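Structure first, then comments.
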2 protein chains.
Amino acid sequence: MSQEPARNTFTHLPPDKQERVLDAALTEFADQGYHQASLNRLVAKAGIAKGSLYQYFPNKEGIFRHIFQLALNLVRRTLVAVKEATENENLFFRLEKSLQAGVRFLQEHPRIYSLYLKIQFDRQTPLRRELLAAVRRHASEYFGSLIARAKARGELRPGISEPAALFLLDAVFDRFLQAAAVPYLDVTFNLHQAPEEAVNRRIRELIDLLKEGLAA
Amino acid sequence: MSQEPARNTFTHLPPDKQERVLDAALTEFADQGYHQASLNRLVAKAGIAKGSLYQYFPNKEGIFRHIFQLALNLVRRTLVAVKEATENENLFFRLEKSLQAGVRFLQEHPRIYSLYLKIQFDRQTPLRRELLAAVRRHASEYFGSLIARAKARGELRPGISEPAALFLLDAVFDRFLQAAAVPYLDVTFNLHQAPEEAVNRRIRELIDLLKEGLAA
DNA sequence: CTGGGACATGACCAGTTGGTCATATCATTA
DNA sequence: TAATGATATGACCAACTGGTCATGTCCCAG
């Protein structure tokens with residue numbers, strides 16, 4: 001499969017130095033995207049020599065892979081935690097809590113989210129297929145299991161199209177997080193850097209609309 | 001305001017040559033994004049000398065502005081046409097037609113849509129604020145007027161939050177188009193390069209869900 | 001035929017990129 | 001102390017970037 005991108009030299013380094021390098025790398029890739037990212041800037045930020053970087057990683061893509069894996073693991077852990085924490089609640093409450101958790105994640109790890117958005121729409125970025133496949137799988141499992149449980153508990157309108165419901169939830173959630181993270185994206189909610197209370201109000205409005213529908 | 005980015009020299013050119021240059025530029029920017037785009041590749045594609053390019057436009061950003069304006073005007077005209085064509089129909093029929101028109105646009109002008117996505121998530125691209133502001137204004141006007149009319153005709157559930165409805169429509173539409181345009185993005189609908197008939201079925205499922213809601 | 005303005009051209013420039021490598025430093029052995 | 005292997009370093013490389021400009025071609029007016 002894919003060989004380990006980090007060299008032994010890197011894992012033997014004192015943890016704080018590893019931290020500095022990874023931090024600089026995440027910042028650079030998140031700010032600039034893969035191709036725009038400059039290794040010269042990266043090493044300057046990390047306070048190491050250019051040559052050292054190539055003792056730690058085989059090349060630019062190797063650094064990227066490493067960051068990518070760390071980020072993906074963090075997301076995975078977070079998703080599992082939220083799902084378990086609301087296991088026995090009803091669908092709409094779970095959705096509300098999920099969206100809140102999403103916003104929290106994005107505020108705590110803005111660079112990871114920014115990196116994700118960059119990869120999503122830059123066809124040239126390495127690992128793009130892998131990333132999108134992984135995200136798709138997670139989203140599908142997550143919402144799929146919420147919907148299945150809701151159906152079993154009779155919380156869903158009968159005859160509903162499950163793929164459509166999944167698509168709808170995925171779309172609305174993703175857009176909500178984007179609007180909270182990216183300035184100028186949002187049409188009416190003004191979510192970017194809004195106070196928590198305002199965000200939560202919007203979440204409730206939105207869930208309510210999903211629940212009851214638009215039609216009279 | 002903003003000065004014209006194209007020089008007179010360019011407008012005096014034989015139309016087919018203008019066409020070739022603009023086409024090459026759109027392709028390059030759409031494929032690579034602003035910063036990754038290479039003027040060397042661009043001139044090779046257009047079959048002109050590097051020096052000539054600088055007789056037509058002041059610099060890279062000037063070329064980008066020009067392409068950008070052309071694209072924006074095209075979108076504007078399309079939006080107006082759809083809105084007028086369904087003026088007296090009910091909300092959900094109009095939404096269906098709008099989404100169909102969106103998919104059609106994206107199939108006819110994939111490079112323009114790709115460019116739009118690139119700009120949206122690359123914070124470093126020039127004109128990003130302008131682009132996002134323009135898109136936001138258009139979307140808000142478009143959906144806003146649909147919703148206002150639907151409300152007047154009593155097609156909406158009373159007490160509905162208008163900002164939430166607007167956000168919801170904007171989110172779902174945008175995501176639907178993204179899923180149709182970008183491979184691997186879509187969780188369950190398999191919209192990318194799907195046949196028209198399949199797309200239209202999905203559109204109907206989705207609109208129906210928006211109409212009736214999720215809850216039992 | 002001459003002159004002049006519009007347009008075309010590609011060699012050239014300084015700056016930056018990802019990546020290399022000979023050399024230096026350092027801690028740990030013997 | 002000497003030797004050894006791991007790690008650190010930054011000058012250096014070819015390739016490419018956006019942008020310039022001296023020179024050339026072409027057409028048309030006088």
Side-chain angles (χ1 to χ4, degrees), chain A residues 3-22 24-29 31-68 118 122 124-127, chain B residues 3-22 24-29 31-68 118 122 124-127:
Chain A
Q3 70 261 21
E4 202 49 51
R7 300 232 149 101
N8 278 338
T9 310
F10 183 66
T11 61
H12 293 161
L13 246 39
D16 64 301
K17 193 169 189 177
Q18 289 188 35
E19 191 70 32
R20 253 167 45 222
V21 173
L22 293 179
L26 177 55
T27 299
E28 183 67 16
F29 282 121
D31 285 355
Q32 309 287 336
Y34 179 77
H35 283 103
Q36 271 273 122
S38 155
L39 300 188
N40 292 324
R41 271 197 304 262
L42 198 164
V43 296
K45 234 176 289 189
I48 62 170
K50 183 103 158 268
S52 297
L53 193 59
Y54 282 85
Q55 304 234 33
Y56 306 154
F57 301 94
N59 52 31
K60 191 179 187 180
E61 191 174 325
I63 308 167
F64 188 71
R65 292 188 101 90
H66 194 84
I67 295 293
F68 177 88
K118 287 262 165 53
D122 181 5
Q124 322 277 333
T125 306
L127 302 179
Chain B
Q3 71 262 21
E4 204 47 53
R7 299 234 149 100
N8 278 338
T9 310
F10 184 67
T11 61
H12 292 162
L13 245 40
D16 65 298
K17 193 167 187 177
Q18 287 188 36
E19 192 70 33
R20 253 168 46 223
V21 173
L22 293 179
L26 177 55
T27 299
E28 183 67 17
F29 282 122
D31 285 356
Q32 309 288 336
Y34 179 77
H35 283 103
Q36 273 267 133
S38 154
L39 300 188
N40 291 323
R41 272 197 304 261
L42 197 164
V43 295
K45 232 174 291 186
I48 61 170
K50 183 102 157 267
S52 298
L53 194 59
Y54 282 84
Q55 303 233 31
Y56 307 153
F57 300 94
N59 52 32
K60 190 181 189 179
E61 191 175 323
I63 308 168
F64 187 72
R65 291 188 103 89
H66 194 83
I67 295 293
F68 177 88
K118 287 262 165 53
D122 181 5
Q124 321 276 334
T125 306
L127 301 179

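Labels below follow one simple rule: chain letters A, B, ... track the order of the sequence lines, proteins then strands, and each chain is numbered from 1. On a predicted model such as this, the values are computed, not experimentally measured, just so you know.
- For B:Y54, counting side-chain heavy atoms from C-beta on, the closest listed nucleotide (C:dT17, D:dT7, D:dT20) is D:dT20.
- Nucleic acid contact for B:Y56: sugar-phosphate only, since backbone atoms but no base atoms lie under 4.0 Å from a heavy atom of the residue.
- Side chain of B:K60, nearest nucleotide from D:dT7, C:dA8, D:dG19: D:dG19.
- As rounded to whole Å, 14 Å separates atom P of D:dT17 from atom CD1 of B:I63.
- For A:R7 and D:dA8, the CZ to C1' distance is 15 Å, given to the nearest whole Å.
- Residue B:H12 contributes atom NE2, which lies 17 Å from atom C1' of D:dC26 at whole-angstrom precision.
- For B:E19, the CD atom sits in a loose shell: 12 or fewer heavy atoms of surrounding residues, nucleotides or ligands are nearer than 6.0 Å.
- Closest contact between the side chain of A:N59 and the listed nucleotides C:dG19, D:dG19, D:dT7 involves C:dG19.
- The side chain of B:K50 lies closest to D:dG19, out of C:dA8, D:dA8, D:dG19.
- For the pair B:K60 and B:F29, the cation-pi test (distance below 6.0 Å, angle within 45°) is failed.
- The NZ atom of B:K17 sits 12 Å away from the C1' atom of C:dA6 (whole-angstrom rounding).
- Of the listed nucleotides (C:dT17, C:dC7, D:dT7), D:dT7 has the atom at the smallest distance from the side chain of A:T9.
- Separating the CZ atom of B:R41 from the C1' atom of D:dT17 is a distance of 10 Å, rounded to the nearest angstrom.
- Taking atom CG of residue B:L53 and atom C1' of nucleotide D:dT17, one finds them 14 Å apart after rounding to whole Å.
- Checking C:dT9, D:dG18, C:dT17 against the side-chain heavy atoms of B:S52 singles out C:dT9 as nearest.
- At whole-Å resolution of the value, CZ in B:R20 and C1' in C:dA8 are 12 Å apart.
- Ring geometry for B:F64 against B:Y34 counts as perpendicular: the plane angle is over 60°, on a 0 to 90° scale with 30° as the lower cut.
- Put simply, CD on A:Q32 is 13 Å from C1' on C:dT17, counting in whole angstrom units.
- Distances from the side chain of B:A49 to the nucleotides D:dG18, C:dG10, D:dA8 place C:dG10 closest.
- One finds the CG atom of A:L26 at 12.5 Å from the CD1 atom of A:I63 (value rounded to the nearest 0.5 Å).
- Within the 4.0 angstrom heavy-atom criterion, no nucleotide atom of any strand lies near B:F57.
- Between A:N40 and B:I48, the residue anchored nearer the 5' end of DNA chain C, judged by the nucleotide with its closest heavy atom, is B:I48.
- A 4.5 Å side-chain heavy-atom check between B:L127 and B:R65 finds at least one atom pair inside the cut-off.
- For A:Q55 and D:dA6, a side-chain-to-base donor-acceptor distance below 3.5 Å is absent, hydrogens and geometry of angles not being considered.
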